[in-house]
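Structure, as structure tokens:
Atoms within each ligand, like the ligands themselves, are counted from 1 in listed order.
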Amino acid sequence: RAKELGRNNIQVFTEEMAARAHEKLQSQEELREALAREEFLLHFQPQMSLETGRIFAAEALLRWQHPVRGIISPAAFIPLAEETGLIVPIGDWVLRTACRQLKAWQDAGLPPLIVSVNVSARQFRERNWAARVAAVLEETCLEARYLELELTESLIMQDVPGAIATMHALEAIGVHLAIDDFGTGYSSLSALKRFPVRRLKIDRSFVTDIPRDADDMAITSAIISLAQKLGLRVIAEGVETEAQVEFLQKSGCDEIQGYFFSQPLPGEDFEVLLSSERR
Ligand code: C2E
Ligand code: MG
Ligand code: MG
Ligand code: MG
């Protein structure tokens, strides 16, 4: 009986696995088609300087405009894109599109801005990736100093010497680097001083419960002073309330990004916001 039961269990298990594998294959196919059909788009979220109160940068955030399901957020498809390697061509598209958009805004006479692009580990590890970034900049006629690449701590920690080499190659081109989701990825503080980065982005999880959570406030102000002492700029992500802005300002944070100031916006809306700033 036990044997039979076991056999049944195995059967159930395999059927479920087969169904799941099929499901995955379908969406992998869908992802591939989405790229070919140009169903991806970028939204842009402003980053504001606490010193000047002005927008100085925009983070490009990927969206999938699905013909049936509507707009799909990156959390729902980036893991699969990474697993299947599709993140490489998708990431190329993101980089090219973000650079092209920024160049168009520059040509339209909008105030100077930096565009920040998220990079996945798979992309970053591609052979000669820095040269590919340089090629995109050349193709889109964008000066390297207007591009910032966001790397996560876990991406860097997977292979510290390799990552540092690629980071130096990117630095040599003139591109700026930021560490995204800082504080969540166990990067050693001694390694941090060897990374040629310009900015730390304090992870949203530390910001959310300010000013209710004293520990989060302590962590956030510690990251800010660490950044200051290392000569790095520091931005807080996920800033939603006035109280958070006040705390961050008081703690010496340079910049903020979050719903308090603006949600990520379609390009046209971002352009309107940016032009309204000009005086
Ligand atoms: P991230 O790079 O840390 O981006 C910040 C995320 O926080 C964005 O989510 C943004 O919409 C959200 N956010 C910003 N302000 C607030 C706020 O005040 N409150 C709350 N609750 N959320 C806020 P999104 O756009 O869903 O992106 C999620 C993640 O997907 C990104 O996290 C990034 O890791 C990844 N991602 C997005 N676009 C790309 C891309 O082009 N390539 C790669 N490799 N990853 C991407
Ligand atoms: Mg980011
Ligand atoms: Mg982040
Ligand atoms: Mg994140």
Side-chain angles (χ1 to χ4, degrees), residues 31 34-35 39-48 55 57-65 70-102 114-126 129 133 136 147-156 158 176-185 187 197-210 216 220 223 234-245 248 253 255-267 269-270:
L31 265 186
L35 190 61
E39 288 172 3
F40 291 113
L41 75 158
L42 296 181
H43 280 183
F44 296 88
Q45 188 176 34
Q47 302 183 342
M48 195 188 78
I55 300 171
E59 179 173 5
L61 294 159
L62 184 59
R63 302 289 180 261
W64 178 5
Q65 177 72 65
I71 289 198
I72 304 178
S73 76
F77 63 86
I78 283 195
L80 179 66
E82 271 168 352
E83 216 177 292
T84 56
L86 277 168
I87 193 67
V88 175
I90 294 173
D92 272 351
W93 180 88
V94 169
L95 184 63
R96 182 170 294 106
T97 307
C99 291
R100 193 175 286 150
Q101 177 66 85
L102 187 67
I114 287 164
V115 72
S116 222
V117 173
N118 292 284
V119 177
S120 96
R122 191 81 175 246
Q123 235 183 321
F124 188 78
R125 284 202 309 263
E126 285 283 290
W129 193 65
V133 172
V136 170
L147 175 66
E148 181 171 83
L149 298 172
E150 297 191 4
L151 317 173
T152 60
E153 285 171 88
S154 49
L155 173 158
I156 298 168
Q158 279 173 18
H176 292 290
L177 302 173
I179 301 189
D180 202 357
D181 305 340
F182 187 77
T184 60
S187 75
V197 301
R198 174 170 65 163
R199 193 188 315 279
L200 299 184
K201 299 193 77 179
I202 302 173
D203 191 66
R204 189 173 79 214
S205 61
F206 300 118
V207 177
T208 306
D209 292 330
I210 293 174
D216 285 343
T220 298
I223 295 175
V234 60
I235 181 165
E237 293 191 281
V239 178
E240 294 185 357
T241 69
E242 182 129 37
Q244 291 165 353
V245 177
L248 291 161
C253 193
E255 298 138 3
I256 57 165
Q257 177 179 349
Y259 298 168
F260 175 76
F261 187 62
S262 169
Q263 301 234 343
L265 302 170
D269 297 348
F270 187 89

Heavy-atom contacts with V239 under 4.0 Å: which atoms of ligand 1 show up? List them by number with element. 18 (O)
Would Q123 count as being in polar contact with ligand 1, using the rule that some N or O on each side must be under 3.5 angstrom apart? no
Please determine if the Mg ion (ligand 3) has an N/O/S atom from D181 lying under 2.8 Å away. yes
Ligand-residue contact atoms, ligand 1 with R63, heavy atoms, under 4.0 Å: 11 (O), 24 (P), 25 (O)
What residues, two or more places apart in sequence or in another chain, satisfy ring-ring contact (aromatic ring centres under 6.0 Å, His included) together with F206? none
Looking only at distances, can you tell me whether any N or O atom of Q257, backbone or side chain, sits closer than 3.5 Å to an N or O atom of ligand 1? no
Could you tell me whether the side chain of P89 reaches within less than 4.5 Å of the side chain of L35, counting heavy atoms only? yes
Atom indices of ligand 1 within 4.0 angstrom of G258 heavy atoms, with elements: 15 (N), 18 (O)
So which bit of T152 gets within less than 4.0 Å of ligand 1, heavy atoms only: side chain, backbone, both or neither? neither
Got an N, O or S from D180 under 2.8 Å of the Mg ion (ligand 3)? yes
For F40 and W64, take the angle between the two ring planes, folded into 0 to 90°, and tell me which bin it lands in: parallel under 30, tilted 30 to 60, perpendicular over 60. tilted
Heteroatom N/O/S of E237 within less than 2.8 Å of the Mg ion (ligand 2): no
Using a 3.5 Å cut-off on N or O atoms only, is D180 in polar contact with ligand 1? yes
Have a look at E59 and say which of its N, O or S atoms is nearest the Mg ion (ligand 2). OE2
Between the OG atom in S116 and the NE2 atom in H176, the distance rounded to the nearest 0.5 Å is 11.0 Å
Going by the order shown, which atoms of ligand 1 are within less than 4.0 Å of some heavy atom of Q45? 14 (C), 15 (N)
Write the atom name of the N, O or S atom in E150 that is nearest the Mg ion (ligand 2). OE1
L62, any N or O under 3.5 Å of ligand 1 N or O: yes
Kindly confirm or rule out an N or O of E240 lying under 3.5 angstrom from an N or O of ligand 1. yes
Main-chain N/O of E240 paired with Q244 side-chain donor or acceptor, under 3.5 Å: yes
Is there an N/O/S atom in N118 at a distance below 2.8 Å from the Mg ion (ligand 2)? yes
Output yes when a side-chain donor or acceptor of R204 lies under 3.5 Å from a complementary backbone atom of E237, and no otherwise. no
Nearest neighbour of atom 13 (N) of ligand 1 from the list Y259, F40, F260, on a heavy-atom basis: Y259
Flag the pair V115 / E148 as yes when at least one side-chain heavy-atom distance between them is below 4.5 Å, and no otherwise. no
Are Q263 and H43 side-chain neighbours, meaning at least one heavy-atom pair lies under 4.5 Å? no
